[in-house]
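Just so it is clear: chains get the letters A, B, ... in the order the sequence lines come, proteins before strands, and each one is counted from 1.
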Amino acid sequence: MGLTLPDGKMPKKGKTGAWSTGADILEDMATIHDLPRRILDWRQVSKLKSTYTDALQDHINAETGRVHTSYSIAGANTGRLASTDPNLQNIPIRSEEGRRIREAFVAEEGKLLVALDYSQIELRILAHVAGIEELKQAFRDGVDIHALTASEMFNVPLDEMTPEIRRQAKAINFGVIYGISGFGLARNLRIPRSDAQGFIDRYFERFPGIRAYMDDTIAFAKEHGFVQTLFGRKINTPEINAKGPQAGFAKRAAINAPIQGTAADVIRRAMIRMPAAIEGQPAKMLLQVHDELLFEVEEGAVDRLIDTARGVMENAADPAVKLDVQLSVDAGQGQSWAQAH
DNA sequence: AGTGCAGGCCAC
DNA sequence: AAACGTGGCCTGCACT
């Protein structure tokens with residue numbers, strides 16, 4: 001096939017040999033023809049209708065008139081919950097059209113939905129476990145962590161930070177949590193791989209403790225066949241000594257597991273303590289979405305509920321684990337789940 | 001008609 | 001060889 005996309009990129013084939021038509025490919029193609037954009041637009045509304053608008057209505061319980069999910073408490077390898085039938089942990093929010101799905105989740109008359117979510121919990125845990133003093137201090141000072149990362153990496157003063165530089169640092173911060181590669185960062189930021197590798201090299205120069213944490217974690221996994229959360233929960237890593245493509249996946253999973261798993265432990269501890277803590281308050285805990293708890297609360301009782309639940313969440317690691325970095329919880333409220341965010 | 005896979009895409 | 005972690009659900013298709 002002779003088609004060459006911008007930057008010399010070529011269409012890709014999947015494992016079956018079919019040409020890929022994924023959104024990233026169509027995004028590139030959209031710069032040279034109108035059709036790919038129309039396909040992307042159609043795919044978006046098609047996805048929203050089939051997976052959410054139509055499917056959610058099929059899950060309305062006849063007795064309660066509400067949608068009820070099921071949670072697997074051992075569904076994810078890291079200790080996260082998994083939500084099924086329907087999955088209420090992947091309700092759209094990022095696109096304007098998607099947010100309209102979230103607007104359909106509303107509180108009963110006289111009540112409000114309250115969303116409390118941990119702010120940057122995985123980066124805080126990373127700062128703690130890797131012992132990165134600059135990051136820990138930034139969280140203590142309430143500094144914008146992506147801007148701080150950008151400032152450190154690119155030698156740009158915080159008061160001269162630009163959205164574009166901050167965006168790149170944000171992608172790097174996410175990548176670090178996931179076990180970054182030059183290839184993956186290049187794809188996400190749509191920059192040359194050599195530039196992406198340069199960013200990563202610079203990052204590890206500025207925060208050498210992060211690389212040490214990663215190396216130590218992989219070494220531990222290779223020796224023991226598992227890694228651990230801060231609370232001591234073990235996560236098996238049976239593929240860690242595999243050869244070939246599996247090796248890379250296993251290493252990245254091992255790097256991510258203690259961080260994601262510790263965050264999962266923290267919110268579980270908060271959830272376990274929550275019923276007793278809010279006893280007597282006209283509030284119900286409805287959903288957990290990994291770093292968020294959603295409540296339905298009688299109007300007039302919202303402020304107190306937020307105070308109580310925030311306290312439980314922010315102190316959920318105590319007393320088993322003393323974090324160097326405090327946990328911080330953002331709260332929102334509204335008639336709909338969209339408004340509560 | 002049921003099962004399973006691949007590709008795709010939604011969330012954190 | 002593949003290429004950033006954890007999941008679930010949808011459609012289309014091959015297969016039994």
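- Taking the six-membered ring where the residue is Trp, the centroids of A:Tyr203 and A:Phe199 are separated by 6.0 Å or more.
- A salt bridge links A:Glu122 to A:Arg80: at least one charged side-chain nitrogen sits closer than 4.0 Å to a carboxylate oxygen.
- Inspection of the A:Ser83 and A:Gln89 side chains reveals no N or O donor paired with an N or O acceptor under 3.5 Å.
- Per the geometry, CZ belonging to A:Arg187 stands 12 Å off C1' belonging to C:dG5, to the nearest Å.
- Look at the P atom in both B:dA6 and C:dA2: the space between them is 14 Å, to the nearest Å.
- A:Lys251 places its NZ atom 21 Å from the C1' atom of C:dT6, with the value rounded to the nearest Å.
- Between the NE2 atom of A:His341 and the P atom of B:dC10 there is a distance of 17 Å, rounded to whole Å.
- Distance noted for atom P between B:dC9 and C:dA1: 28 Å (whole Å).
- Listed nucleotides: B:dA11, C:dA3, C:dG5. Nearest to the side chain of A:Gln260: C:dG5.
- Residue contacts for A:Asn256: at a heavy-atom cut-off of 4.0 Å it reaches the sugar-phosphate backbone alone, with no base atom in range.
- Across all strands shown, A:Ala186 has no heavy atoms under 4.0 Å from either base or sugar-phosphate atoms.
- For DNA chain B, the neighbouring residues in residues 80-88 of chain A, judged by any heavy atom under 4.0 Å, are A:Arg80.
- The CD1 atom of A:Ile125 sits 19 Å away from the P atom of C:dG5 (whole-angstrom rounding).
- Counting to the nearest Å, the P atom of B:dG7 and the CD1 atom of A:Ile25 are 13 Å from each other.
- A:Ile91 comes within 4.0 angstrom of the backbone, heavy atoms only, and of no base.
- Nucleic acid contact class of A:Phe249 (heavy atoms, under 4.0 Å, all strands): sugar-phosphate only.
- Note: CZ (A:Arg102) to C1' (B:dA11) measures 8 Å, nearest angstrom.
- For the pair A:Ile240 CD1 and C:dG5 C1', the computed distance is 13 Å after rounding to whole Å.
- A:Gly248 comes within 4.0 angstrom of no nucleic acid atom, judged by non-hydrogen atoms across all strands.
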As a quick check of understanding, evaluate salt bridge (Lys or Arg N to Asp or Glu O under 4.0 Å) for A:Arg190 and A:Asp24, giving each step before the final call. CA-CA 10 Å; A:Arg190 299 167 171 276; A:Asp24 53 340; 5.9 Å; no

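- Both A:Phe174 and A:Gln246 lie close to DNA chain C; mapped to their nearest nucleotides by heavy-atom distance, the more 5′-ward contact belongs to A:Gln246.
- Counting non-hydrogen atoms of neighbouring residues, nucleotides and ligands closer than 6.0 angstrom, the CZ atom of A:Arg100 reaches no more than 12 such neighbours.
- Proximity of residues 42-79 of chain A to DNA chain B (heavy atom under 4.0 angstrom from any strand atom) is restricted to A:Arg43, A:Lys47, A:Tyr52.
- Taking both residues in full, the closest heavy atoms of A:Gln228 and A:Phe220 are given as OE1-CZ, 3.9 Å, listed atom of the first, atom of the second, then distance.
- Side-chain atoms of A:Asp291 never come within 3.5 Å of backbone atoms of A:Asp117 as a donor-acceptor pair (strictly under, hydrogens ignored).
- Contact between A:Val289 and A:Leu88 at its shortest, heavy atoms only, is CG2-O, 4.1 Å.
- Of the candidate nucleotides B:dC12, B:dG8, B:dA11, B:dC12 has the atom lying nearest to any side-chain atom of A:Val289.
- The side chain of A:Arg94 lies closest to B:dC12, out of B:dC10, C:dT6, B:dC12.
- Rounded to the nearest 0.5 Å, atoms CG (A:Leu81) and CE (A:Met271) are 5.5 Å apart.
- Counting non-hydrogen atoms of neighbouring residues, nucleotides and ligands closer than 6.0 angstrom, the CD atom of A:Glu108 exceeds 12 such neighbours.
- With rounding to whole Å, A:Gln89 atom CD is found 11 Å from C:dG7 atom P.
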